[in-house]
Amino acid sequence: MSFIFFLLFLGGLIFLFQKLILNGNFTVSKGQAGENLVRRYIEKLAEYEGYQISAIHDLYIPKGDGTTSQIDHVMVTDKGIFVIETKNYEGWIFGSEKARYWTQTIYQHKQRFQNPLHQNYGHIESLKIFLGEKYSEIPYYSVVIFTNRSELKLKGPFQNSDVIHPEDLKRIVDQYPGDVLPLFSQQEIRVKLKVLEKRDKENIKEVQQAHIDGIRRQKEINQTKVNANICPKCGGKLVQRTGKRGEFLGCSSFPKCRFVA
């Protein structure tokens, strides 16, 4: 019994240490480590013969409301544009395509986080608007990459996104048809994104702070709407509902709008 108690105690200490890392100053370096790993896989992919790939990383796409949408990786290819979100989580990852939140489980401790598919769909919409109407109808592919520190236990299949580990990236790219986006269009898109990337690097601290401030402002606006029983997603009315976990506020436009508070 004492040995089992020791294992439980050790698991608890590990969990607390991970919480400190997630809530402290290590968050950026941990996320950056995951992005760097995925970047290496992208660079390796671009080396294969016959592949037309150029990648831009860590972009802050300006939005009409004055905020920005931060994208980890954009791959411009002859197949279209791949928008990649990186998650450097560990443990078991549970989720489905339409769920608002996913769950990370470590040593029986659970923590919810925003569905990264919804997050990446927002990135794609921001990118479409930034590139303009000329490129609004080309293929955009949503890819969410979890590092191998995690084990994916997802409810599929997913219709509009791929959720993978880094080594699966080539397989995902290969499943889509080529010669969709001409070379001159690839170059034009790349130039627009490279100009944005250069601006971000020259003013990175200001850009990052503006991004954080924008997120905070949006959260405050959303909370104000929720307090007034207004859906921040579609503007509909929030109504009281009852689910498996008890009562909650949901949009009256369900299932068209699936917002819950």
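The structure displayed is predicted, hence computed values, not measured ones. FYI, the numbering just counts along the sequence from 1.
Judged purely by atom type and a 3.5 angstrom limit, S161 uses its side chain to pair as donor or acceptor with the backbone of S142. Of the possible polar contacts, none joining the T105 side chain to the Q108 backbone as a donor-acceptor pair under 3.5 Å is found. The backbone N or O of C251 sits less than 3.5 Å from a side-chain atom of R241, completing a donor-acceptor pair. In terms of modelled atom types and a separation under 3.5 Å, the side chain of T77 and the main chain of K79 share a donor-acceptor contact. Formation of a donor-acceptor pair under 3.5 Å by the N88 side chain with backbone atoms of E35 is not found in this model. Here the side chain of N115 pairs a donor or acceptor atom with the backbone of A99 at under 3.5 angstrom.
Around NZ of K44, the count of heavy atoms belonging to other residues, nucleotides or ligands within 6.0 Å does not exceed 12. Shown here is E167, whose CD atom has more than 12 heavy atoms of other residues, nucleotides or ligands within 6.0 Å. Counted within 6.0 Å of CG on N227, heavy atoms from surrounding residues, nucleotides or ligands total more than 12; the atom is thus considered enclosed. The number of heavy-atom neighbours closer than 6.0 Å to CD of E133, taken from other residues, nucleotides and ligands shown, is 12 or below. Counted within 6.0 Å of NZ on K170, heavy atoms from surrounding residues, nucleotides or ligands total more than 12; the atom is thus considered enclosed.
Between W102 and F158, the ring-plane angle classifies as tilted under the 30° and 60° cut-offs.
The shortest side-chain heavy-atom distance between N160 and L117 does not fall under the 4.5 Å cut-off. Within the 4.5 Å cutoff, the side chain of V226 has heavy atoms near those of the L249 side chain. Looking at heavy atoms from C-beta onward, I61 lies out of side-chain contact with H123 at the 4.5 angstrom threshold. By the 4.5 Å heavy-atom criterion applied to side chains, H73 and L59 are not counted as neighbours. You'll find the side chain of Y60 stays beyond 4.5 Å of the side chain of S69, heavy atoms only. Residues Q52 and L181 form no side-chain contact, since every pair of their non-hydrogen atoms from C-beta on lies 4.5 Å or further apart. For the pair L127 and L193, the minimum side-chain heavy-atom distance is below 4.5 Å. Between I81 and V74 the shortest side-chain heavy-atom distance falls below 4.5 Å.
What you find for T147 and P166 is that their closest heavy atoms are CA-CD, 4.1 Å.
Taking CD1 of I53 as the reference point, atom OH of Y48 lies at 10.5 Å (rounded to 0.5 Å). Once rounded to the nearest 0.5 Å, the distance linking OH of Y41 with CG of L45 reads 11.5 Å. Note that CG of D72 is 13.5 Å distant from CD1 of I56, once rounded to the nearest 0.5 Å.
For E188, the side chain to side chain contact (heavy atoms under 4.5 Å, CB included) partners two or more places apart in sequence, or in a different chain, are K134, Y135.
In this model, no donor atom of one side chain and acceptor atom of the other lie less than 3.5 Å apart for E97 and Q159. Checked by atom type, the side-chain pair D78/Q186 shows no donor-acceptor distance below 3.5 Å. Side-chain atoms of K87 and Q119 form a donor-acceptor pair, as typed in the model, at a separation below 3.5 Å.
The ring pair (Phe, Tyr, Trp, His ring centres under 6.0 Å) analysis of residues 161-183, with sequence neighbours excluded, yields the pairs F82-Y176, Y141-Y176. Listed by first then second residue, pairs satisfying salt bridge (Lys or Arg N to Asp or Glu O under 4.0 Å) with a partner in residues 115-131 read E125-K128, not counting sequence neighbours.
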List the steps and the verdict of side chain to side chain donor-acceptor pair (under 3.5 Å) for D174 and Y51.
CA-CA 10 Å; D174 286 346; Y51 278 68; 2.3 Å; yes
